[in-house]
Number of protein chains: 2
Amino acid sequence: MPETTRRTDRLPGNRYGNRPTMKDVAARAGVGLKTVSRVVNGEPGVTPETERRVQEAIEALGFRRNDSARVLRKGRTASIGLVLEDLADPFYGPLSRAVEEVARAHGALLINGSSAEDADREQELVLALCARRVDGLVVIPAGDDHRYLEPEVKAGVATVFVDRPAGHIKADVVVSDNFGGARDGVRHLIAHGHRRIGFIGDMPRIHTAAERLRGYRTAMEDAGIPVADSWMSLGATTPERVRRAAEEMLSGPEPVTAIFTGNNRVTVTVIRVLAGHARRVALVGFDDIELADLLEPGLTVVAQDAAALGRTAAERLFRQLDGTLLTPERIEIPTRLIARGSGELPPAD
Amino acid sequence: MPETTRRTDRLPGNRYGNRPTMKDVAARAGVGLKTVSRVVNGEPGVTPETERRVQEAIEALGFRRNDSARVLRKGRTASIGLVLEDLADPFYGPLSRAVEEVARAHGALLINGSSAEDADREQELVLALCARRVDGLVVIPAGDDHRYLEPEVKAGVATVFVDRPAGHIKADVVVSDNFGGARDGVRHLIAHGHRRIGFIGDMPRIHTAAERLRGYRTAMEDAGIPVADSWMSLGATTPERVRRAAEEMLSGPEPVTAIFTGNNRVTVTVIRVLAGHARRVALVGFDDIELADLLEPGLTVVAQDAAALGRTAAERLFRQLDGTLLTPERIEIPTRLIARGSGELPPAD
DNA sequence: TAGAGCCTGGACAACGTTGTCAGGCCGGGG
DNA sequence: CCCCGGCCTGACAACGTTGTCCAGGCTCTA
């Protein structure tokens, strides 16, 4: 039986297109299997002459080591998983990139998936990644119960949560200072003379949204300003609802003179509303936006450092893997107020 | 010897944290190994009662199938690789997301990496992905020679290039209609009365940049407008150089009355330059930008459909894997001119 | 009641790699 | 001349899973 048909007659077509293996290389080079392994992995103890023969065979056959098999043997995959909400969201781009850079520095690849803000899909993804035996996970939680991860963590999968805290599980968490950032943003408006300030944000069941709301309330309270219910809109998820909420708080008996927006999607919609509005209304938004400086007026924002979030999380993950790191911690990344004009407009009644 | 120490005394600490295997599950449930496999994979031929016992053992031990081993046995990894230039670039967000959605629909995971526009790094990444035995690759080329991929393609790795064509290799390519889009954009300016139109773009060795330049030249030629050398700036990679290029073509003896920008990074910089410029200059940019409609004037763009690029590429990839698709093809995704004001300004001398 | 056929379960090999270990060869020293 | 030590090399088992194949027990029918 000719060597080339060795495999095709056993299994149907599900092989890796009949790729050459170390065995094939060994046969061609006339050496033992282990010698090929040594050459491929740069291990010492191979004569230059032997090495040359092996290299030639590798070249000729187009051999490439099968890392699946390697992983099976060695126990480490040199890959980490990243589960986020939506790869297409501009906030997550720099974050992924930062995680990737750190992974690369540690010789690891990045596998990622979008949960689409759906808890079940998050779990499905995370477990699929665990089945691949990723060495670690960076998760931006969609759900609020992560007990399903317990066996994995116990089994040694390094885990770090980013952007939002995890639910019912002890693990590293890296978040922005949502509370402080929002408070500072609202204080900024108060400092510029505003008292009737509106807040439009996401559903409070999302941790970041709740924290930002708390920042708003605290700033108002500290300034001794009672907050009218009509000034707050929570759960503004669609542009349509944001638009309606903004228009409501801009009309009515006690119209707001300034608005604080809880995330960049909301901010964008509110900018559109204000663009078609006669009275000048001050605006500060959570999250920076590209071209914010080119708007008229420039958009004042509370900027998060997405790259720092990702970098910090990934670094902690690899420290867990090193064994350098033991006790789970909560790390807060500071935000930065960037004044560009829209937040410095005086109240216009 | 107690069962729990079974492995630790053999190998040092490089195991998967001593995870339970099917063998462990089988032992605990008092059944055979293959029976566990059957339950885990939902294969028929297991009594409900046996299945229950197995499920219980799985639950109790926190067992999770090791896909590395599975892959080794089955030959398909159910994962595809995506190599792009920079995850943080807003253009690639929707593209990745689209690829991911298609992968998900086919039950595959997405592994991705950024080449940082570096050919060596691209190759390194691609080969690492091949070593993991991804089923297929979606590559946004950084280099222009992809012969290194030949053994892989021959070995059955489905491959699709996106955004730019591949070099020296036969493979599917999905690109935007860069030529037509740029031509239409410049025609739009001509139609609004401009004759002295500048072009600022990337290095012509990048395929997309060259095509867009060709579109510009063709539109000008078709209109019978001779192009002055000082109207064209190629290789504008840094904001600083873009700024200088723009300022040069706006001053001088024959200043341009309109500018066509070759990509979104250039566009953004030019907007900044024009914002500080007295004379009103028309502008059309290649690539859409978030909030483009909120600028004053609104930014007219030639928009690419990044999601369509990604989706189309991924779909072809899976058709390759199905065996439905055989001959490599070049697919062009149309662009769309979106007029928002900046491109409709009349020439102001 | 015996035989045929079906259903369930398990033993075993194989996937491609790496760690362990032992054997062969060579040169130098006793 | 023999023995020892060091250096290369290769045989073999193991990683955890799945496909193949066979055995045993059951039911159903003649």
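Chain identifiers are assigned alphabetically (A, B, ...) following the order of the sequence lines, protein sequences preceding nucleic acid strands; residue numbering begins at 1 within each chain.
- Residue contacts for A:Arg38: at a heavy-atom cut-off of 4.0 Å it reaches a base atom on one of the strands shown.
- Rounded to whole Å, atom P of C:dT17 lies 9 Å from atom CG of B:Leu72.
- Of the inter-residue distances, the one linking A:Gln320 atom CD with A:Asp322 atom CG reads 10.0 Å to the nearest 0.5 angstrom.
- Atom CE of A:Met22 is separated from atom P of D:dA14 by 20 Å (rounded to the nearest Å).
- Side-chain N/O atoms of A:Arg73 and base N/O atoms of C:dT18 include a donor-acceptor pair closer than 3.5 Å.
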What pairs of nitrogen or oxygen atoms, one from the protein and one from nucleotides 6-8 of chain C, lie under 3.5 Å apart?
residue	atom	partner	partner atom	Å
C:dT8	O3'	B:Thr47	OG1	2.9

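- When rounded to the nearest whole Å, the span between CD of A:Glu51 and P of D:dC8 equals 12 Å.
- Under the 3.5 Å distance criterion, the side-chain polar atoms of A:Glu85 are left unmatched by any main-chain donor or acceptor of A:Ala142.
- At whole-Å resolution of the value, CZ in B:Arg132 and P in C:dC15 are 23 Å apart.
- Interatomic distance, A:Glu152 CD to A:Cys130 SG, rounded to the nearest 0.5 Å: 4.0 Å.
- Between the CD1 atom in B:Ile140 and the CG atom in B:Leu95 there is a gap of 5.0 Å [rounded to 0.5 Å].
- The side chain of A:Lys34 sits closest to D:dG10 out of C:dT17, D:dG10, D:dT18.
- Between C:dT18 and A:Asn41, a contact under 4.0 Å exists linking OP1 or OP2 to a side-chain N or O.
- In terms of polar N and O atoms assigned as donor or acceptor, the side chain of B:Lys23 never comes within less than 3.5 Å of the base of D:dG16 in a complementary pairing.
- Rounded to the nearest 0.5 Å, atoms CG (B:Leu82) and OH (B:Tyr92) are 10.0 Å apart.
- A straight line from CZ of A:Arg76 to P of C:dT17 spans 22 Å, rounded to a whole angstrom.
- Here the P atom of nucleotide C:dC15 and the CZ atom of A:Arg65 are 20 Å apart, to the nearest Å.
- Between A:Ser37 and C:dT17, a side-chain N or O to OP1/OP2 separation shorter than 4.0 Å is absent.
- OP1 or OP2 of D:dG10 has at least one side-chain nitrogen or oxygen of A:Thr35 nearer than 4.0 Å.
- With rounding to whole Å, A:Glu49 atom CD is found 20 Å from D:dC7 atom P.
- The CG-C1' distance, from B:Leu33 to D:dC15, rounds to 13 Å in whole Å.
- Within the 4.0 Å cut-off from OP1 or OP2 of C:dG19, at least one side-chain nitrogen or oxygen of A:Lys74 is found.
- For the side chain to side chain contact (heavy atoms under 4.5 Å, CB included) test with A:Val160, the passing option among A:Ile331, A:Leu317, A:Val173, A:Val139 is A:Leu317; the others fail.
- Using a 4.0 Å heavy-atom cutoff across all strands shown, B:Val31 reaches sugar-phosphate atoms only and no base atom.
- Minimum heavy-atom separation, A:Val46 to A:Arg38: CG2-CB, 3.8 Å.
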